[in-house]
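Heads up, the thing below is written out as structure tokens.
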Amino acid sequence: MFQNSHDYSNGSRRHFLAQSAFGVSSLALATLLKDDQLLGAPEKPALEEITYDLKPKKTSHPARAKSMISIFCGGGPSHLDLFDRKPTLDEYAGKRFPGDGIKYDNAGQATSIIMPSPDTFQKCGESGMEINTALLPHFGEIVDDVTLIRSMQLPNIRNHVAGMRAMTTGRGREGWPSLGSWVTYGLGAETQDLPAFVAITIPRNPVGSPYWDSRQLPSLYQGTVVSKSEPRIANLNPISQLRGKPQSNQLDLLKELNQIHLERHPGEDDLSARIASYELAARMQTAATEALDLTKETQATHQMYGADDLVTKEFADACMLARRFVERGVRFVQIWNYAWDMHENIFAALEARCKTCDKPCAALVTDLKQRGLLDSTMVQWGGEMGRLPVVQDRGAGKKPGRDHNTEGFSIWMAGGGVKAGHIHGATDDFGHRAVEDVVTQHDFHATLLHQFGLKADELHFEHNAQPVALVEPGQGKVAEGILK
């Protein structure tokens, strides 16, 4: 029987054990683990079929926020020139930065010469929040509704793509689910006729897109892109030959074939999610068309947002759409405006950029408040970095700008259970590094999830037998100081 292998008929037990050492050791180890009750439990088959949908889910604790509008100003709005006045910069204007540790993204154009902000900051509202009202006059009118975080920090990150990934996925590396996908996965949506997660891009997709991808999560939780021009949502309406009954018949057949395949191949999570996506797409044809119709808004509303002005219209339309989506049950809306990277001629560039968004963004907060939606809607404005306190010189004939700064920068939040008229944290005297109540991207995400009634250490998804999470274990803590 063993003639063509090892013949143990005449061999010793010692020889057998030597040849089988690893096998016998494994058996012995398994016995010891069993005796000490340390064996991993065998994987149990699912008792119920796993399905994915957008139906509302239970929270682990009472939620303060039901929806979120994130206005992501990619490129790095200069906190020093908008939100974080530093008199020390005036004192050291034109002199060398006295400290050390400045980390440049572009060392070739770097200098160490201090450059103050040319504008005058003013204290606004009852809270006395000090901001640049020359550039943000409308924001000055809503400061008593917001929390201004002056101590954001992205450790070990310098560039835009990594920074935007960190702020939206928790990591600077590519390939992880977005914040919007996690929120909709954890909570579902309050509507079954619109996508739970919408991404509005103005004027174009940011570098490194898509930041609204669901990645390891089922595709149902991916963001639906709304562009500035028609068709606002790609492939929303069928071609004329398929409209009406032909499309209905086609979808019914597709659903039947998919269900048959799913029954034959149970556990194919992505197929289950795709079936739900097809069904959602059919319902969206009516609901999304209505939600996108801004002609239904009053003239007064258009004027409040600035939709009657070509300078502010693009941002105004995006903000109005965001409000229309959340009041119809959309869970997460993210407006992407990658236009804030100002390495050159920063003061003129900031003035132009702020004119496009200041009025619409302030109007959004005011409008939500007037409609009774601000308490349950988290609004967040900011980018992935700020700017350095020193001059970036791009050469002869070029006006100065500022290089990237992820060591300390500002964002603001309103609604959803955060404090109103509150300043959280601080940077050092030069606005270079966050030094008080530091908030990393992990803390930011843990705080958002907490406000949505979710626990960061419990929200995860099994992918290829490995847990995937927005906030990795031990990484983030809730920023209690900004919460009511």
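Comment: Arg402 engages Asp81 in a salt bridge, judged by a side-chain N to carboxylate O separation of less than 4.0 angstrom. Ion pairing between a basic and an acidic side chain is recognised when a charged N comes within 4.0 Å of a carboxylate O; Glu174 and Arg215 show such pairing. For Lys123 and Glu130, the salt-bridge test fails: no basic side-chain N is under 4.0 Å from an acidic carboxylate O. A salt bridge between Asp308 and Lys313 is absent, with no side-chain N of the basic residue lying under 4.0 Å from a carboxylate O of the acidic one. Under a 4.0 Å N-O distance rule, the pair Glu436/Arg150 does not qualify as a salt bridge.
For Asp393, the side chain to side chain donor-acceptor pair (under 3.5 Å) criterion is met by no residue, not counting sequence neighbours. Not a single side chain to side chain donor-acceptor pair (under 3.5 Å) links Arg165 to another residue, sequence neighbours left out. Annotation: salt bridge (charged side-chain N to carboxylate O under 4.0 Å, His left out) contacts of Arg387 (sequence neighbours excluded): Asp341. Checked against side chain to side chain donor-acceptor pair (under 3.5 Å), Thr406 has the following partners two or more places apart in sequence or in another chain: Arg158. Residues passing the side chain to side chain contact (heavy atoms under 4.5 Å, CB included) test with Lys55, sequence neighbours excluded: Asp53, Gln192. Residues forming a side chain to side chain donor-acceptor pair (under 3.5 Å) with His460 (at least two apart in sequence, or on another chain): none. In this view, Thr301 and Glu297, Thr298, Tyr305, Met320, Arg323, Asp367, Arg371 satisfy the side chain to side chain contact (heavy atoms under 4.5 Å, CB included) rule, not counting sequence neighbours. Scanning for salt bridge (charged side-chain N to carboxylate O under 4.0 Å, His left out) contacts around Asp358 gives an empty result, with sequence neighbours left out. In this structure Asn106 satisfies the side chain to side chain contact (heavy atoms under 4.5 Å, CB included) test together with Gln109, Gln392, Asp403, sequence neighbours excluded. Scanning for side chain to side chain contact (heavy atoms under 4.5 Å, CB included) contacts around Cys73 gives Ile71, Pro77, Trp340, Trp381, with sequence neighbours left out. Residues passing the salt bridge (charged side-chain N to carboxylate O under 4.0 Å, His left out) test with Lys66, sequence neighbours excluded: none.
If you take OG1 on Thr356 and CZ on Phe315, they are separated by 5.5 Å, rounding to the nearest 0.5 Å.
For the residue pair Asp293 and Thr295, a side-chain donor N or O sits within less than 3.5 Å of a side-chain acceptor on the partner.
Val478 places a side-chain heavy atom less than 4.5 Å from the side chain of Leu483. The closest side-chain heavy-atom distance from Met378 to Ser67 is not below 4.5 Å. The shortest distance between side-chain heavy atoms of Val143 and Phe139 falls below 4.5 Å. A 4.5 Å side-chain heavy-atom check between Gln466 and Val468 finds every atom pair outside the cut-off.
For residues 474-484, the salt bridge (Lys or Arg N to Asp or Glu O under 4.0 Å) pairs, not counting sequence neighbours, are Asp443-Lys477.
Remark: Gln299 CD is loosely packed, at most 12 non-hydrogen atoms of other residues, nucleotides or ligands lying under 6.0 Å away.
Ring to ring, Trp336 and Tyr211 are close: their centroids are under 6.0 angstrom apart. In this structure, Phe430 has its ring center under 6.0 Å from that of Phe97.
The cationic group of Arg171 lies under 6.0 Å from the six-membered ring centre of Trp176 and within 45° of the ring axis, placing it in a cation-pi geometry.
The two residues Gly431 and Leu80 have their closest heavy-atom pair at CA-CD2, 3.6 Å. The shortest non-hydrogen separation linking Ile411 to Leu148 is O-CD1, 3.5 Å. In this structure, Thr312 and Lys355 approach most closely via the heavy-atom pair CG2-O, 3.1 Å.
The aromatic rings of Trp182 and Tyr185 sit perpendicular, their planes meeting at an angle over 60°, well past the 30° parallel limit.
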